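Okay, structure first, notes after.
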Amino acid sequence: MTYTPYTTTPSLHAAPTTRVQPTPHDHDVIVLPPGTVHTDHDTVSGEQAHALTEQAERLKLIQQLGIPTQATQYFDHLATDMAQRTGFLYGMVNLFLEEQTFIGLHNPPADSGYLIVDRTMNRNHGWCPEVINRKKALPLHNVHAYHRFSSNYVVDAVGIQSYFGAPLIHDGIAVGTVCVIDPDPRPLDDALRLRDIVLSTRDTAMQAITTHGTRL
């Protein structure tokens, strides 16, 4: 995710291998660790191979559904409605392309003193990757209440303390997420209401995607 104050324009590893002694024919024998896949040039873990396959399937489905991969007014309005209903500063409709790409985005006012979020972010940053992997909603009323989620680029660089996200799933493939984030934590007793707003927005987004596609 790229941030700048007050403006809108901020902007595998090969698994270890084990070599044995040269054979009488003076060729090296490569012994692959368990759970690896060997290609002509690289060795990747089984987990990395699965992630690559899943991303290829995701990109293919996004194209088949005709989902816009650029900002659209419809999804911007959807992100704004979600942010306003939850009372969060930021709202996103997010596709997992080569980067996380916010085809719908709500920012605080430019003169508010809060950071302005750009349209893209590293695919490994934030909490949306977790939502994509688990294919379930992730309600974090206070990210510091959960050790697993408390250290994150978005926490460390921007100071976000609450996150509610839900996956966009079609035919078993998560193509993206909808989410809201805010620099303030939320009360635990309000988490269910906030989660339900995000889930409702997810349902609206999926209906639009499967019904309208490129007409959005």
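Computed from a predicted model, the values in this text were never measured in an experiment.
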Are the side chain of [X] and the backbone N or O of [Y] linked by a donor-acceptor pair below 3.5 Å?
X: Asp118; Y: Thr120; value: no
X: Thr177; Y: Cys179; value: no
X: Asn94; Y: Thr101; value: yes
X: Lys135; Y: Pro167; value: no
X: Asp171; Y: Ile173; value: no
X: Thr211; Y: Ala208; value: no
X: Asn133; Y: Pro129; value: yes

Any chance you could lay out the side-chain contact (heavy atoms from CB on, under 4.5 Å) test for Asn122 and Tyr153, step after step, and finish with the verdict? CA-CA 10 Å; Asn122 185 293; Tyr153 172 83; over 6 Å; no
May I ask you to decide whether Asp76 forms a salt bridge with Arg119, counting only side-chain N to carboxylate O separations under 4.0 Å?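 Yes, charged N to carboxylate O under 4.0 Å.
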His106 NE2 to Phe88 CZ distance, which is reported to the nearest 0.5 Å: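 The NE2 atom of His106 sits 12.0 Å away from the CZ atom of Phe88.
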To the closest 0.5 Å, what do you measure between CD (Gln161) and NE2 (His141)?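 The distance works out to 11.0 Å.
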Decide yes or no for [X] and [Y]: does some side-chain heavy atom of the first lie under 4.5 Å from some side-chain heavy atom of the second?
X: Leu97; Y: Ile62; answer: yes
X: Arg193; Y: Asp196; answer: no
X: Val131; Y: Tyr163; answer: yes
X: Ile103; Y: Ile67; answer: yes
X: Leu140; Y: Trp127; answer: yes
X: Ile181; Y: Met92; answer: yes
X: Phe164; Y: Ile197; answer: no
X: Leu89; Y: Pro183; answer: yes

May I have the step-by-step check of side-chain contact (heavy atoms from CB on, under 4.5 Å) for Arg195 and Leu192, ending in yes or no? CA-CA 5 Å; Arg195 184 207 64 181; Leu192 185 61; 3.0 Å; yes
Candidate list Asp184, Asp182, Asp190, test side-chain hydrogen bond (donor to acceptor under 3.5 Å, both in side chains), partner Arg186, passing option: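 Result: among Asp184, Asp182, Asp190, Asp182 is the only option passing the side-chain hydrogen bond (donor to acceptor under 3.5 Å, both in side chains) with Arg186.
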Would Thr210 and His170 count as a side-chain contact (heavy atoms from CB on, under 4.5 Å) if you check the C-alpha gap in whole Å, the side-chain angles of each, and the deciding distance to 0.1 Å? CA-CA 8 Å; Thr210 55; His170 184 75; 3.6 Å; yes
Closest non-hydrogen atom pair, Tyr114 against Pro108: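 Tyr114 and Pro108 have their closest heavy atoms at CB-CG, 3.7 Å.
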Residue pairs passing the side chain to side chain donor-acceptor pair (under 3.5 Å) test where at least one lies in residues 56-68, sequence neighbours excluded: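 Matches after skipping sequence neighbours: Gln55-Arg58.
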His144 pairs by side chain to side chain contact (heavy atoms under 4.5 Å, CB included) with which of Ser162, Ser150, Ser151?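 Result for side chain to side chain contact (heavy atoms under 4.5 Å, CB included) with His144: Ser150.
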Take Asn107 and Tyr90, measure what side-chain contact (heavy atoms from CB on, under 4.5 Å) needs, and give me the verdict at the end. CA-CA 5 Å; Asn107 271 305; Tyr90 305 90; 3.5 Å; yes
